[in-house]
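Lettering of chains follows the sequences in order, A, B, ..., and the numbering in each one begins at 1. Since the model is a prediction, treat every value here as computed from it, not as a measurement.
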Number of protein chains: 2
Amino acid sequence: MNDARPIRAKSGTNHEGTSAHNRRVMVDALRMNGALSRADLARATKLTKQTVSNIIDELEQEGLVTAQEAVRKGRGQPSTPYRLVPEGAFAIGLQIDRHLTRAIAVDLVGNVLTRAEANLPPDGPSHGATVILELIEKVRRDLAGLVAQSERRLVGLGAAMPGPFGVEATGDDPWMMAAWQKFPLLETLATGTGLGVRLQNDAAACATAERMVGAAQGLDHAVCLYLGYGIGAGLILGGELYSGANGNAGEIGMALLSASGSPTPLEHRASLASLYQHLAIDPADPGVYVMVNELALKDDVRIQSWIEEAVMDLRWSVHLIESLFDPQTVILCGGAPEALARRLIEAMHPLPSSIADRRDRTIPRFQLGMTDPWAVALGAAAEPISRAFDPSFAAILKDSL
Amino acid sequence: MNDARPIRAKSGTNHEGTSAHNRRVMVDALRMNGALSRADLARATKLTKQTVSNIIDELEQEGLVTAQEAVRKGRGQPSTPYRLVPEGAFAIGLQIDRHLTRAIAVDLVGNVLTRAEANLPPDGPSHGATVILELIEKVRRDLAGLVAQSERRLVGLGAAMPGPFGVEATGDDPWMMAAWQKFPLLETLATGTGLGVRLQNDAAACATAERMVGAAQGLDHAVCLYLGYGIGAGLILGGELYSGANGNAGEIGMALLSASGSPTPLEHRASLASLYQHLAIDPADPGVYVMVNELALKDDVRIQSWIEEAVMDLRWSVHLIESLFDPQTVILCGGAPEALARRLIEAMHPLPSSIADRRDRTIPRFQLGMTDPWAVALGAAAEPISRAFDPSFAAILKDSL
DNA sequence: AGAAATAAGTCAACACAATTGACCTAATAA
DNA sequence: TTATTAGGTCAATTGTGTTGACTTATTTCT
């Protein structure tokens with residue numbers, strides 16, 4: 001009678017899926033190449049001129065693309081390049097960090113339009129949620145003041161916070177991140193803002209940012225090594241952000257540094273937390289960023305000694321990432337002060353030899369990405385944009401609607 | 001004038017892409033669920049009854065599915081379940097190992113129809129290629145003798161060999177694997193057989209096998225830890241095999257076991273190579289498999305001491321894999337003799353705590369997959385089947401045709 | 001028994017989106 | 001001036017999933 005066992009199957013697709021994909025492919029092509037004519041797009045996407053023409057007409061009507069002046073290039077009718085209209089869409093990003101929260105508004109091409117931050121009250125999520133919702137409201141109002149129709153073109157809210165998610169807390173937790181994990185954040189944000197909300201960990205958010213406006217643009221295989229209070233990896237695999245079965249992929253900070261003996265998590269050694277400890281400064285102090293940056297600029301010996309240690313672990317991490325993910329490049333990004341990040345990059349050479357040593361290599365094995373305390377918030381904001389406009393398998397299928 | 005810089009864009013799709021995807025979804029659903037009625041398929045794939053009906057009619061005509069007897073279940077018209085026809089498609093798999101080569105023929109559902117192996121001449125690829133082509137010919141003839149029309153239904157040839165690919169050789173290489181890497185294997189096989197050919201490393205092949213007929217069936221996020229002469233990981237990420245930018249993803253054997261001091265590659269400690277060394281036996285001896293299996297069965301002390309050491313490294317590996325990939329499960333598979341594999345699995349407990357410790361867990365964190373010296377060859381054969389019939393993003397796009 | 005309800009599956013008309021091939025336009029090269 | 005080339009449009013066509021009414025076969029209710 002009742003067949004209990006549910007049927008597992010992938011979703012099918014139909015015309016709308018096809019159409020949605022092709023529209024996304026256009027937007028993606030324009031994002032990566034700046035401005036392209038209809039004929040260019042047809043060649044690049046392998047669609048017919050006519051199809052491209054129809055889609056571009058639609059996108060133009062919707063205000064997502066616009067024609068530039070015709071350009072003559074050689075023989076034949078001049079081409080009319082189209083480019084993305086930044087004001088075509090907006091998204092809001094939210095970063096929840098240990099002692100503060102940041103909100104940011106970006107447009108279709110990743111320009112930051114407005115931003116705001118606030119301290120998180122130390123008494124946990126239920127009070128903190130109010131602060132957050134107010135912060136989002138503020139950014140939303142500012143955005144509305146800056147551009148007309150912003151509300152109509154708001155595609156969603158992206159949130160980022162330290163992971164891992166859905167796992168029992170371990171050890172000390174002065175900033176109540178564990179409490180935040182249990183708090184029904186997404187529901188609160190969704191009902192409080194009326195927007196669609198998704199959650200990423202901070203490394204994933206950084207990778208999303210690097211993919212939209214940073215060093216991972218146009219790359220289908222890249223790993224962002226995020227050095228923040230902890231350390232994590234944001235994974236761009238096969239052209240999409242990879243989150244794993246539970247949204248926890250890339251938690252390299254938990255990787256143990258030796259199989260036998262007394263293994264230490266990478267996080268305990270290579271992270272800003274370890275730097276703060278090494279320098280004996282209070283991570284909650286709002287001045288740490290500037291302080292560390294200046295120490296790095298003047299090559300302070302204590303920073304140098306930390307860098308020497310950390311670089312060994314980072315070399316190991318890069319080698320590990322290359323061995324396991326075989327990416328086109330590894331990008332150092334995240335909340336580390338810029339001067340520190342530069343010192344680290346310099347100190348990384350020479351990289352240990354790995355399968356990434358290839359003759360056909362055109363991109364550096366390891367490079368510096370964004371070093372901006374707002375990178376995570378930016379990535380959080382980039383997520384809804386990416387969800388709405390980037391080509392992806394999921395977007396074609398019926399169950400995505 | 002000449003705009004040098006090429007335009008980068010993803011491919012668009014059209015009706016044929018839609019259709020191709022939906023057909024694959026049907027086959028996939030039948031593979032995972034055994035037998036389903038048209039109505040079941042419609043519900044599971046979110047397509048309409050009519051669409052499913054049309055596709056099933058086609059598939060039936062093509063001999064890929066067949067109706068079973070109608071079953072009455074509760075009220076309403078009895079349903080007619082359809083199942084895959086094993087003889088609907090065949091593929092040939094080829095394993096090139098250090099001193100021998102294996103060929104195998106499988107059908108649509110992964111049944112092994114015939115197999116053969118041969119020693120690889122020690123004088124390198126150009127002579128070896130002849131041996132291989134003869135071996136494939138033999139398997140192909142045997143297959144043709146076993147089932148009618150097999151040639152018409154042959155979807156391709158999959159090859160598997162130890163990786164990594166495209167990297168300068170390192171260290172000693174008694175079996176000339178480096179020479180094999182340089183040899184134009186794919187071209188030789190393609191012209192020699194007239195079939196489409198793809199290459200995987202052995203860990204990836206194992207994962208492909210586990211996905212078609214093993215422990216990874218129906219899982220979208222699984223990692224196969226392949227313990228063979230070396231050690232590697234086959235990655236099933238987001239429902240597809242992930243190969244990285246250069247086909248080298250999952251090379252966990254190269255992971256270094258400690259950041260500072262004198263780091264050792266995992267491969268030097270946890271691999272059958274290390275076991276052979278520990279036991280002081282010649283890995284080229286064709287009797288090693290049986291020998292090791294018997295030693296494991298009688299709990300030989302030398303085996304036990306190796307296991308104790310190896311298990312520490314394997315625990316570390318599983319923890320690392322869980323931290324970086326966040327899979328639903330980790331599967332131990334590959335060419336290790338079964339008794340040894342069982343001993344290893346037993347000795348793995350307790351696993352180190354990791355982000356994989358979740359309350360909502362239904363599958364074991366770590367489990368035993370296939371322990372069959374033919375697993376790699378089977379996976380190699382599974383690849384063309386998977387390519388031809390599994391749903392995938394690439395299969396929808398125009399540039400896949 | 002008979003009627004109602006329920007579920008599987010089919011039929012024929014339809015809608016949607018990409019394709020096709022002819023055609024127009026605007027530029028450069030001969 | 002004319003031929004050639006490239007961008008782009010027009011209108012008809014094709015392929016594929018959808019829709020809603022209908023048929024068939026079975027169980028459940030009265």
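Side-chain atoms of B:His15 and base atoms of C:dA18 include no donor and acceptor less than 3.5 Å apart. In terms of polar N and O atoms assigned as donor or acceptor, the side chain of B:Gln50 comes within less than 3.5 Å of the base of C:dC11 in a complementary pairing. Judged by atom type and distance alone, A:Gln77 does not reach the base of C:dC24 through any side-chain donor-acceptor pair under 3.5 Å.
Taking only side-chain nitrogens and oxygens, A:Lys398 comes nearer than 4.0 Å to OP1 or OP2 of D:dT18. Within the 4.0 Å cut-off from OP1 or OP2 of C:dA8, at least one side-chain nitrogen or oxygen of B:Arg43 is found. Remark: A:Asn14 is in phosphate contact with D:dT18, judged by side-chain N or O atoms under 4.0 Å from OP1 or OP2. One finds no side-chain N or O of B:Asn54 lying less than 4.0 angstrom from the OP1 or OP2 phosphate oxygen of D:dG17. For B:Arg38 and C:dT10, the shortest distance from a side-chain N or O to OP1 or OP2 is below 4.0 Å. Residue B:Lys49 places none of its side-chain N or O atoms closer than 4.0 Å to OP1 or OP2 of D:dC22. A sub-4.0 Å separation between OP1 or OP2 of C:dA7 and a side-chain N or O of B:Ser79 is absent. In this model, the phosphate group of D:dG15 is not approached by any side-chain N or O of B:Thr18 to a distance below 4.0 Å at OP1 or OP2.
A donor-acceptor contact closer than 3.5 angstrom links the side chains of A:Asn54 and A:Gln50. A side-chain N or O of A:Ser37 and one of A:Asp40 form a donor-acceptor pair less than 3.5 Å apart.
Residue B:Thr51 places its side chain closer to D:dG17 than to any other of C:dT10, C:dG9, D:dG17. Here D:dG17 is the nucleotide among D:dG17, C:dT19, D:dA25 with the atom lying nearest to any side-chain atom of B:Ile55. In this structure, the nucleotide among C:dT28, C:dA7, D:dT28 sitting nearest to the side chain of B:Arg75 is D:dT28. Checked against D:dT16, C:dT19, D:dT26, the side chain of B:Arg72 finds its nearest nucleotide in D:dT26.
Of the possible polar contacts, none joining the B:Thr329 side chain to the B:Ala222 backbone as a donor-acceptor pair under 3.5 Å is found. Of the possible polar contacts, none joining the B:Thr45 side chain to the A:Gly12 backbone as a donor-acceptor pair under 3.5 Å is found.
Nucleotide C:dA18 holds its P atom 12 Å from the CD atom of A:Glu16, rounded to whole Å. In this structure, A:Asp57 atom CG and D:dG8 atom P are separated by 11 Å, rounded to whole Å. Rounded to a whole Å, the CD atom of A:Glu69 is 17 Å from the C1' atom of D:dG7. B:His21 places its NE2 atom 10 Å from the P atom of D:dG17, with the value rounded to the nearest Å.
When each of A:Gly76 and A:Ser53 is assigned the nucleotide of DNA chain D bearing its nearest heavy atom, the one mapping closer to the 5' terminus is A:Gly76. Heavy-atom nearest nucleotides on DNA chain C were determined for B:Ser37 and for A:Pro78, and the one closer to the 5' end corresponds to B:Ser37.
With B:Val65 as reference, B:Leu30 is the one residue of B:Val27, B:Leu36, B:Leu30 to meet the side chain to side chain contact (heavy atoms under 4.5 Å, CB included) rule.
In the displayed structure, A:Arg8 atom CZ is contacted under 6.0 Å by at most 12 heavy atoms of other residues, nucleotides or ligands.
If you check every strand for non-hydrogen atoms under 4.0 Å, A:Ser19 touches sugar and phosphate atoms only.
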